[in-house]
Amino acid sequence: ARHGAARDRGAAASPATLDFTAQQGTGGGTEDGAGRTLTTGVNRAASATVGYSIEELTGRDPELFVLADDQLGFRQMRDRLLAGSTQSEAAERRLVHRDGSLVWTKVNVRAVAAGNGLRHYLVVLENFTDRKIFEEQLQVALRDQQTLFETMSVGVAQAMSGKIMLANREFADMFGYRDGQVIGMPLWDLTIDRDNRMPNEISGMPVVRANQTTSAEVVLFRKDGEPI
């Protein structure tokens with residue numbers, strides 16, 4: 001499947017839902033005498049999520065649209081519902097869109113009725129493909145940036161809302177910390193003269209403005225109180 005090509009499908013005001021049945025069975029669908037789980041109802045949002053028409057989805061086993069690597073987990077979830085050990089389940093499952101791309105969903109399954117040897121279930125699909133792609137792209141960007149930081153020979157840190165988010169080893173060493181210890185630390189902690197080493201100096205950080213480069217000579221303090 002072309003993970004990078006995945007995208008949110010069928011954004012709609014109503015949630016994507018399936019009904020299936022099973023012989024003492026499954027939801028948004030039914031399981032027949034052969035032990036299969038069959039989809040008995042599909043709304044438009046669910047149809048758009050996987051790119052198949054309502055007619056193409058109706059009467060088919062919903063497992064067919066689950067990525068092969070996730071089918072075992074889907075079957076185990078279905079079996080727990082069929083056994084009656086739980087009335088509802090929720091898990092993240094990757095579906096395969098008609099065009100071959102991945103659709104990341106949270107699958108919520110709930111038993112809704114039983115009768116005539118069949119158990120009926122409702123499946124609600126929460127499509128979070130766009131968020132998943134953004135998170136993965138962000139992680140790649142952060143790893144690339146971290147690699148760049150680690151190869152620089154000067155102390156470099158990146159801060160957000162006044163807290164250090166990324167820093168290289170040279171930056172940590174400069175202030176007497178081990179690698180990684182400064183992550184999450186407020187920048188202002190580096191301006192505190194805890195031992196009153198320089199009572200006549202006023203420490204601080206330069207004002208930073210959007211889309212501008214700011215530089216200034218300031219006195220900061222190491223973990224051991226030594227000014228630098």
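Keep in mind that this is a model prediction, so the values were computed, not measured.
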Report the distance from atom [atom1] of [X] to atom [atom2] of [Y], rounding to the nearest 0.5 Å.
X: Y52; Y: L64; atom1: OH; atom2: CG; value: 9.0 Å
X: D193; Y: L220; atom1: CG; atom2: CG; value: 11.0 Å
X: N43; Y: L57; atom1: CG; atom2: CG; value: 10.0 Å
X: R131; Y: L138; atom1: CZ; atom2: CG; value: 13.0 Å
X: F65; Y: R98; atom1: CZ; atom2: CZ; value: 9.0 Å
X: K223; Y: M185; atom1: NZ; atom2: CE; value: 8.0 Å

Problem set entry | ring-ring contact (aromatic ring centres under 6.0 Å, His included) evaluation trace for F171 with Y177 | CA-CA 9 Å; F171 184 91; Y177 293 93; 8.9 Å; no
Problem set entry | NZ/NE/NH1/NH2 to OD/OE distance under 4.0 Å, R110 and E89 |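 No, R110 and E89 are not salt-bridged.
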For this session: Flag the pair D70 and R94 as a salt bridge only when some basic side-chain nitrogen lies within less than 4.0 angstrom of an acidic carboxylate oxygen.
Result: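 Result for this pair is yes, salt bridge flagged.
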So does [Y] get a backbone contact from the side chain of [X], meaning a donor-acceptor N/O pair under 3.5 Å?
X: T58; Y: I54; answer: yes
X: T191; Y: W188; answer: yes
X: Q181; Y: R178; answer: yes
X: S85; Y: R80; answer: yes
X: Q71; Y: V66; answer: yes
X: T105; Y: E126; answer: no
X: T39; Y: G41; answer: no
X: D195; Y: R197; answer: no

Exercise. For the residue pair F221 and F175, is the inter-centroid distance of their aromatic rings smaller than 6.0 Å?
Worked result: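 Between F175 and F221, which both carry aromatic rings, the centre distance is not below 6.0 Å.
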Problem set entry | Pairwise side-chain contact, V107 with V123, heavy-atom cut-off 4.5 Å (strictly under) |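 V107 vs V123: side chains touch.
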Exercise. Are L95 and L67 side-chain neighbours, meaning at least one heavy-atom pair lies under 4.5 Å?
Worked result: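 Side chain of L95 against side chain of L67, heavy atoms only: no contact under 4.5 Å found.
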Exercise. Does the pair Q87 and L81 meet the rule for a side chain to side chain contact (heavy atoms under 4.5 Å, CB included), with working shown?
Worked result: CA-CA 6 Å; Q87 292 300 302; L81 288 161; 5.8 Å; no
Exercise. Does atom CZ of R194 have more than 12 heavy-atom neighbours, drawn from other residues, nucleotides or ligands, at distances under 6.0 Å?
Worked result: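 For R194, atom CZ is crowded (more than 12 foreign heavy atoms under 6.0 Å).
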For this session: Can you establish whether the number of heavy atoms outside R222 located under 6.0 Å from its atom CZ is more than 12?
Result: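 Atom CZ in R222 is crowded, with more than 12 foreign heavy atoms closer than 6.0 Å.
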Problem set entry | Derivation of the side chain to side chain contact (heavy atoms under 4.5 Å, CB included) call for V154 and N168 | CA-CA 8 Å; V154 296; N168 65 358; 5.7 Å; no
What are the two closest non-hydrogen atoms of [X] and [Y], and how far apart are they?
X: M77; Y: A91; answer: SD-CB, 4.5 Å
X: K106; Y: F128; answer: N-CE2, 3.5 Å
X: L38; Y: G59; answer: CD2-O, 3.5 Å
X: V219; Y: P227; answer: CG1-CB, 4.0 Å
X: I164; Y: V182; answer: CB-O, 3.5 Å

Problem set entry | Worked verdict on L122 versus V109 for side chain to side chain contact (heavy atoms under 4.5 Å, CB included) | CA-CA 6 Å; L122 175 68; V109 186; over 6 Å; no
Problem set entry | Cluster overlap I228 with I192, hydrophobic side-chain contacts below 4.5 Å |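 No: no chain of side-chain contacts under 4.5 Å links I228 to I192.
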Exercise. When you look at Q76 and L72, which way does the side chain to side chain contact (heavy atoms under 4.5 Å, CB included) test go after all the steps?
Worked result: CA-CA 6 Å; Q76 291 172 337; L72 176 60; 3.9 Å; yes
Problem set entry | Pair S53, E56: side-chain N/O donor-acceptor within cut-off below 3.5 Å |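 Yes, a side-chain donor-acceptor pair sits under 3.5 Å.
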